[in-house]
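Have a look at the structure below, then the notes.
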Number of protein chains: 2
Amino acid sequence: MTINEDLTHELLAFFNGFSSWENSIVRTSELTVSEAHALEVLGEHNKINMKGLAHRLGVTTGTTTVTVDRLEKKNFAHRESTKEDRRVNLISLTDIGKKAFEEHHDYHLHLTEQMTSVLSDDEIDQFLKTLKKINAETF
Amino acid sequence: MTINEDLTHELLAFFNGFSSWENSIVRTSELTVSEAHALEVLGEHNKINMKGLAHRLGVTTGTTTVTVDRLEKKNFAHRESTKEDRRVNLISLTDIGKKAFEEHHDYHLHLTEQMTSVLSDDEIDQFLKTLKKINAETF
DNA sequence: CTAAAAATATTTGATATTCAAACTAAATAA
DNA sequence: TTATTTAGTTTGAATATCAAATATTTTTAG
């Protein structure tokens, strides 16, 4: 077992764990999985266009159209077309949407706390640094 | 911005990045996303029952039944009931399934290499240690 | 030892998710 | 101005998912 295989194994377990956790959270809420993912992205952007949102979610714009349709129907988000380029729709959260985001985001903050509770301060710092590097360089 | 919020942000970005990457890999293959996830689990177990597989995938057993049905139809996996407990089905990969797993797993190994290419040896060791801790304690 | 309860897996019915490809409308380039 | 590109939506089809109901088998309680 090389370190690369070992790390691959842990990354998969981490991803599956994270994914399972997210599924179980969503099941108890008024959100679907794709809605929750969209909220997570929208909560960190004031306004974002469909293409950008689709890219951040890793799905096609067609899929994103459906997701945003649903968020609009629930009054969580709204579209707004721009004057500069009338093809573009900027998506943002409504007040209700922001509240739903905060609520979901609190679960994430809590999960992070749970993770870091088994780590030393140095480990936490290093973990954050490493994730930042990987996110910037790989994804 | 506390370190907890910062880390939460990076974890989400990491998860989305990983997810997007997986989607794009799967799109170019003969596999669907859920099939690929199931293969990843099955590839690391000789035999696993439906409940265990469902748990590892973070979905219900009903969903897992459908996934395994499809894998069986494609000749990637097969069920085998046990004598000790006749309710239980043990799932394992066929030779074709093992090949599909290896192929998909190679992509993962390659992604891991890409991630570690921006890290020092010490960072890699520490990252692995931290992931192991989190996986063992949190998920 | 039987009847009740629990456990494993499947099926059913409904909704959600996703993609590729076709399409619309607007902006840009030739 | 016309052709091409770009942003987003729609369509049609396949997959993915859950909760609840069911079937079968095993375990537990009386």
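Chain identifiers are assigned alphabetically (A, B, ...) following the order of the sequence lines, protein sequences preceding nucleic acid strands; residue numbering begins at 1 within each chain. Atom set for the values below is all heavy atoms of this structure, side chains included, hydrogens, waters and symmetry mates excluded.
Considering only side-chain N and O atoms, B:Arg27 lies under 4.0 angstrom from the phosphate OP1 or OP2 of C:dC19. At least one side-chain nitrogen or oxygen of A:Arg70 sits closer than 4.0 Å to the OP1 or OP2 atom of C:dT17. Here A:Thr60 does not reach the OP1 or OP2 of C:dT18: none of its side-chain N or O atoms lies under 4.0 Å away. Residue B:Thr65 places at least one side-chain N or O closer than 4.0 Å to OP1 or OP2 of C:dT10. Between A:Arg79 and D:dG8 there is no side-chain polar atom (N or O) within less than 4.0 angstrom of OP1 or OP2. Listed pair B:Asn23 / C:dT17 fails the phosphate criterion, with no side-chain N or O lying under 4.0 Å from OP1 or OP2.
Counting to the nearest Å, the P atom of D:dG8 and the NZ atom of A:Lys47 are 14 Å from each other. Rounded to whole Å, the distance from CD1 on B:Ile91 to P on C:dT8 is 14 Å. Rounded to a whole Å, the NZ atom of B:Lys73 is 12 Å from the P atom of D:dA14. Here the C1' atom of nucleotide D:dA16 and the CD atom of A:Glu35 are 16 Å apart, to the nearest Å. B:Leu57 places its CG atom 10 Å from the P atom of D:dC18, with the value rounded to the nearest Å. Atom CG in A:Leu31 sits about 16 Å away from atom C1' in D:dT17, given to the nearest Å. If you measure from atom NE2 of A:His55 to atom C1' of D:dT6, you get 16 Å, rounded to the nearest angstrom. Separating the CE atom of B:Met50 from the C1' atom of D:dT24 is a distance of 15 Å, rounded to the nearest angstrom.
Using a 4.0 Å heavy-atom criterion, one finds that B:Asn49 contacts the sugar-phosphate atoms exclusively. Residue A:Ser34 is classed as a sugar-phosphate contact, given heavy-atom separations below 4.0 Å to backbone atoms only. As judged by a 4.0 angstrom heavy-atom cut-off over every strand, A:Thr63 is placed among the base-contacting residues.
Between B:Phe15 and A:His37, the ring planes are tilted. Angles from 30° to 60° get that label.
Between A:Asn89 and B:Arg86, it is A:Asn89 whose nearest contact on DNA chain D lies nearer the 5' terminus. Both A:His37 and B:Gly62 lie close to DNA chain C; mapped to their nearest nucleotides by heavy-atom distance, the more 5′-ward contact belongs to B:Gly62. Closest-nucleotide positions on DNA chain C for A:Asp85 and A:Thr32 were compared, and the one nearer the 5' end corresponds to A:Thr32. Nearest-nucleotide positions on DNA chain D place A:Asp69 closer to the 5' end than the other of B:Glu84 and A:Asp69.
Here the shortest heavy-atom pairing between A:Leu31 and A:Val26 reads O-CG1, 3.0 Å.
For the atom pair CG (B:Asn4) and CG (A:Leu109), the distance works out to 5.5 Å, reported to the nearest 0.5 Å.
With no hydrogens or angles considered, a side-chain donor-acceptor pair links B:Thr60 and B:Thr63 at under 3.5 Å. Side chains of A:Glu44 and B:His9: a donor on one and an acceptor on the other come within 3.5 Å.
For a distance-only test at 3.5 Å, the side chain of B:Arg87 fails to qualify as a donor-acceptor partner of the base of D:dT24.
Taking the six-membered ring wherever Trp is involved, the centroid distance between the rings of A:Trp21 and A:His108 falls below 6.0 Å.
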